[in-house]
Amino acid sequence: MERKRTIIAALDQGTTSSRAILFDGNLEPIGMAQRELTQHYPAPGWVEHDPMEIYAGQYGALAEVLAQNSLTGADLTAVGIANQRETTVVWEKETGRPVCNAVVWQCRRTAAICDAILRDRALTDTIRRATGLLPDAYFSATKLRWILDNVPGAQKRAERGELLFGTVDSWLIYRLTGGREHLTDRTNASRTMLYNIERLCWDEDICRALNIPMQMLPEVRPSGADFGTADLGGVRVPGRGGAGEQQAALFGQGCVDEGDAKNTYGTGCFLLMNTGARLCRSEGGLLSTLAATDGKKVQYALEGSVFVGGAVVQWLRDEMGLISDAADSEYFARKVPDSAGVYIVPAFTGLGAPHWDMRARGAVFGLTRGAGRCHFIRAGLESIAYQTADVLRAMEQDAGGRLSALRVDGGASANDFLMQFQADILNRAIVRPRCLETTALGAAALAGLTSGVWKAGGGAARPAVDRRFEPDMDPQRRAQLLKGWEKAVSRAGSWTED
Ligand code: ADP
């Protein structure tokens with residue numbers, strides 16, 4: 001009998017779209033379909049998604065990519081999921097119907113709940129120690145608390161076992177398996193602020209303190225594990241891998257050894273470093289979290305996020321009108337030898353890691369009469385690299401080692417000027433893979449490894465390199481530029497009164 005060709009479907013459920021990408025046995029992408037996801041903003045600072053649209057869009061994208069390639073579910077070896085993290089869904093166990101819209105990771109509606117937690121020093125310490133996170137509206141726990149408080153009868157129904165909680169992966173698994181499975185993986189659990197990353201279980205103390213009924217929490221499995229079988233048009237396809245998108249990208253970049261790190265240059269920047277079996281606790285404002293592994297092995301990661309990365313280029317385009325296309329930023333930045341002393345600090349929503357200054361605001365420093373459009377654009381791109389350098393410095397201090405090369409992905413990593421400047425400012429090599437779909441690649445690699453398509457390490461081998469950028473800057477000049485940046489950041493700090 002002819003041996004079935006390996007085809008793995010990666011479901012990449014992101015904040016703005018749901019994509020399905022098919023990979024062959026060499027982890028080469030062979031097809032992709034995408035559905036946009038509607039963003040709902042019911043009040044200032046609130047962000048919601050319709051969970052049924054998430055599911056329908058994700059299922060639709062998968063059906064489309066299969067049809068485009070004249071395939072059916074029967075041709076698939078396995079399915080892997082990578083998803084937007086922290087976003088919270090609550091649904092009825094009996095019907096699978098959501099009780100309200102999903103509360104998205106960006107949503108700040110629970111800031112007051114977090115302030116109350118932060119006033120309780122003992123609880124804040126417990127959360128830090130158990131989950132590796134700092135209490136913040138970003139994580140799922142207070143979003144779940146809000147739903148239980150605000151959907152009529154939800155707390156009582158949850159206590160009776162009638163309602164289930166899940167991050168987006170759990171929700172998709174529940175729907176795809178026809179309600180047979182209520183599961184999540186460790187990386188997603190580690191972003192809920194309810195999961196003990198040392199003991200690898202839901203934390204009873206935190207659940208009690210927040211009055212979260214534990215029977216509504218999903219069972220947690222390693223990222224490379226059996227996640228039931230998905231019903232695809234009457235065919236059952238094994239679900240074999242799942243991870244939050246940043247951890248999936250770390251795995252997809254082949255960062256599976258202690259000290260490996262990647263930075264994703266999307267709207268924001270997400271820098272993750274694998275710290276191996278070591279749960280490294282940050283002194284410098286970074287988060288500790290679980291990394292995705294293809295088996296029972298437990299690995300941790302340090303994570304630092306920058307709120308405004310590629311978004312500064314969008315700002316230059318949409319608000320300042322200095323470019324008409326994000327990619328043009330490279331052309332204009334190269335037209336000048338330097339930024340003429342101009343620094344842009346894009347602290348539009350405050351500063352994230354490692355500064356954590358919610359009251360910082362965007363600022364431009366160093367303007368002189370000769371400063372022009374190209375200097376401005378160049379300063380915008382340089383700000384992405386400076387912010388990354390700040391996070392990496394904090395990370396190396398926490399991890400106690402020096403990174404030899406930084407792997408990159410995400411939309412803005414296509415910018416060669418930015419990548420070279422990043423290498424120069426960090427004084428180390430930047431490695432950009434050929435396939436920038438590292439999130440989907442990570443999910444596919446996890447699913448393939450768990451299915452036994454490759455031996456451990458095989459599928460997660462480092463993706464093919466597109467380009468390596470070597471540092472090429474005079475150390476004195478680097479020090480001078482960094483000194484200017486430091487000064488600019490400190491002056492943009494604590495800008496708003498409250
Ligand atoms: P996300 O997944 O967060 O939506 P993407 O990985 O798709 O983000 O990257 C999009 C971001 O990258 C946008 O903010 C855009 O401004 C920026 N970007 C895209 N291409 C370039 C480029 N060639 N140079 C600089 N920035 C870019």
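When a ligand or atom number is given, it counts from 1 through the structure's own listing order.
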Using 30° and 60° as the class boundaries, would you call the ring planes of Y55 and Y59 parallel, tilted or perpendicular?
tilted
Once you measure the plane-to-plane angle for W485 and Y343, does it fall in the parallel (<30°), tilted (30-60°) or perpendicular (>60°) bin? tilted
Identify the protein atoms, limited to N or O, that lie within less than 3.5 Å of an N or O atom of ligand 1, and list each pair with its distance to 0.1 Å.
from     : atom 1 : to   : atom 2 : distance (Å)
ligand 1 : 3 (O)  : T267 : N      : 2.9
ligand 1 : 3 (O)  : T267 : OG1    : 2.7
ligand 1 : 6 (O)  : G411 : N      : 2.8
ligand 1 : 9 (O)  : G411 : N      : 3.4
ligand 1 : 14 (O) : G310 : O      : 3.0
ligand 1 : 14 (O) : A311 : N      : 3.4
ligand 1 : 16 (O) : G310 : O      : 3.0
ligand 1 : 24 (N) : N415 : ND2    : 3.0

pair I127-P135: side-chain heavy atoms closer than 4.5 Å: yes
Residues 362-379 vs salt bridge (Lys or Arg N to Asp or Glu O under 4.0 Å), sequence neighbours excluded, gives R378-E382
Residues passing the side chain to side chain donor-acceptor pair (under 3.5 Å) test with Q58, sequence neighbours excluded, are none
So the salt bridge (Lys or Arg N to Asp or Glu O under 4.0 Å) pairs with at least one residue in residues 9-21 (sequence neighbours excluded) are D12-R19, R19-E437
